[in-house]
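This report refers to the structure that appears directly beneath it.
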There are 2 protein chains.
Amino acid sequence: MASTPKVPDIVIGRLPLYLRALNVLASQGRDIVSSQELADRLGCSSAQIRKDLAYFGGFGKQGAGYQIGYLQEQLRRILKVEGQWKMALVGAGDLGHALVHYGEFENNGFRIVAVFDNDPRKIGRRIGEFEVLDSKLLPHLISQKGIRIAIIAVPAHAAQEVADVLVQAGVRAILNYAPITIQVPPEVRVQYIDPVVHLQSMSYYLEPNE
Amino acid sequence: MASTPKVPDIVIGRLPLYLRALNVLASQGRDIVSSQELADRLGCSSAQIRKDLAYFGGFGKQGAGYQIGYLQEQLRRILKVEGQWKMALVGAGDLGHALVHYGEFENNGFRIVAVFDNDPRKIGRRIGEFEVLDSKLLPHLISQKGIRIAIIAVPAHAAQEVADVLVQAGVRAILNYAPITIQVPPEVRVQYIDPVVHLQSMSYYLEPNE
DNA sequence: TAGATTGTTAATCGATTAACAATC
DNA sequence: TAGATTGTTAATCGATTAACAATC
């Protein structure tokens, strides 16, 4: 409560990248890292890393660098991923399957706890450890389980309606895989994953083939 | 060649979002849109949209707005997605499956044309219309087919090695789903998709549960 | 101590916004 | 014409970088 007056969104967005790089270093058995080495790996400047971290306190030692384990702990605390956030997954298609089986959520603060779809052919089928539930159950289950995060993996035309129901049920953070901008109230965070958007922002730089 | 001296990366990164919004409007049968309406849908300012587009010319009509079909064409031309870029997919796991079946590539300038894996249990199996090929064939096929874009969908520990081979074979744009920053020469573009990074930059803003 | 690297300030750089003349 | 919205400039805002004193 003491410090942390108002950290820019763009800084928050980089902390997970720092944490990810630290995880890699830790898995290699490394103990200490300098802002310069971290910067080289991430392709940013060392000053940026030091300044970003300084919003939250002094985590390093002059002349030495940062204790990797300690900085991991601190970043996990700051990002609130020491525990596991329960997530609802909406959409049981190919992408939904891949997300249920995705192994990176577990050790990084998140866990899918329910899977929904509105397609009668999918409802009742199993995906991994889950039975696909009817979307109609969504509002009840989300509020009952106190779920605050949801992943939207439905077609574009259904995404806004799903988002509305999620928000109404109490969800406050949405990871949206549908290729469409959704409208939500200001207290709800949305992040987008759209491979086409990423690809198109690279094709600009490519020379036409042949 | 005449104009377009040096457009900031951040502007290029927004053009696909504009195009995506226009596609939605077009599918609703709309003909004309103002920068203000587009801005409302995207959650940005109208001035930003007008200024971004102005890097490439004047596409609108004062007093009227933008002809949607025309602006779509222009953005597709600018982003070089009028045709279809051939892509190699490396990694035939759950994510690879989802990507092969992903329907949004086709109409937006991209097409997977080959799928690779180095796991003997996966090589030779079919995914959709593709037979999974041995990664050893990667360099040969990429240069033979003139592939410039690749998607990395392998575990983190294998991503850097795959990237090295891809770059060596002539790939100039990489969409990386592995949760790790990869090192590539400056002439190669990389975009990252890591759901954990997106989720962690939202959990920061959530109040601890209960 | 000498060497190295942090934390932090000030300067630079770049992006966004406000505003309005141009003009459809 | 009157009304509306673009294209564009200038002003504001914010983020990044450079640099160095503090200090481990």
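Order of the sequence lines sets the chain letters (A, B, ...), proteins ahead of strands, with each chain counted from 1. Keep in mind that the numbers below use all heavy atoms, side chains included, and drop hydrogens, waters and symmetry copies.
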Next item on the list: Anything under 30° is parallel, anything over 60° is perpendicular, the rest tilted; go ahead and classify B:Y102 against B:F105.
Entry: perpendicular
Margin query: Classify B:S35 by what it touches in the nucleic acid, base, sugar-phosphate, or nothing, heavy-atom distance under 4.0 Å.
Written below: sugar-phosphate
Item checked: Identity of whatever pairs with C:dT8 - Watson-Crick or G-U, under 3.5 angstrom -> D:dA19
Check: Counting side-chain heavy atoms from C-beta on, which of C:dT6, D:dC24, C:dA15 comes nearest to A:Y66?
Finding: C:dT6
Next item on the list: Select from A:A64 and A:A47 the residue whose nearest nucleotide in DNA chain D is closer to the 5' end of that strand.
Entry: A:A47
Notebook entry, point to check: Separation of A:L42 atom CG from D:dT17 atom P, in whole Å?
Noted result: 13 Å
Notebook entry, point to check: Roughly, in whole Å, what's the span from CD1 in B:I32 to C1' in D:dT6?
Noted result: 13 Å
Note to self: Nearest to the side chain of B:R50, heavy atoms from C-beta on, is which of C:dT5, C:dT16, C:dC20?
What the structure shows: C:dC20
Note to self: Side chain of A:Q62 only, heavy atoms from C-beta on: which candidate in C:dT16, D:dT8, C:dG7 is closest?
What the structure shows: C:dG7
Checklist line | Rounded distance (Å) that lies between atom C1' of D:dA15 and atom NZ of A:K51 | finding: 8 Å
Check: Any side-chain heavy-atom pair from B:P179 and B:V196 closer than 4.5 angstrom?
Finding: no
Note to self: Between C1' on C:dG14 and CD on B:Q48, what's the gap in Å once rounded to a whole number?
What the structure shows: 13 Å
Checklist line | Test item: side-chain donor near acceptor, B:D164 and B:Q168, under 3.5 Å | finding: no
Checklist line | B:Q74 CD to D:dG7 P, straight-line distance once rounded to whole Å | finding: 12 Å
Notebook entry, point to check: Between A:K61 and B:D52, which is nearer to the 5' end of DNA chain D once each is assigned its nearest nucleotide?
Noted result: B:D52
Note to self: Can you identify which nucleotide, out of C:dT17, D:dT6, C:dA15, has its nearest atom closest to the B:P8 side chain?
What the structure shows: C:dA15
Next item on the list: Return yes if a side-chain donor-acceptor contact under 3.5 Å exists between A:Q36 and A:D40, otherwise no.
Entry: yes
Check: Does any nucleotide pair with C:dG14 by Watson-Crick or G-U wobble geometry, both distances under 3.5 Å, and what is it?
Finding: D:dC13
Notebook entry, point to check: Between A:L38 (CG) and C:dT5 (C1'), how many Å, whole number?
Noted result: 14 Å
Next item on the list: Compare every heavy atom of B:Q84 with every heavy atom of B:F110, then report the nearest pair and how far apart it is.
Entry: O-NE2, 3.9 Å
Check: Does the side chain of A:S45 get closer than 4.0 angstrom to OP1 or OP2 of D:dT16 through an N or O atom?
Finding: no
Check: What is the distance, rounded to the nearest whole Å, between atom CZ of A:F59 and atom P of C:dT8?
Finding: 11 Å
Checklist line | A:L71 CG - C:dT6 P separation (whole Å) | finding: 11 Å
Check: Which nucleotide, in any strand shown, forms a Watson-Crick or G-U wobble pair with C:dC24, with both distances under 3.5 Å?
Finding: D:dG3
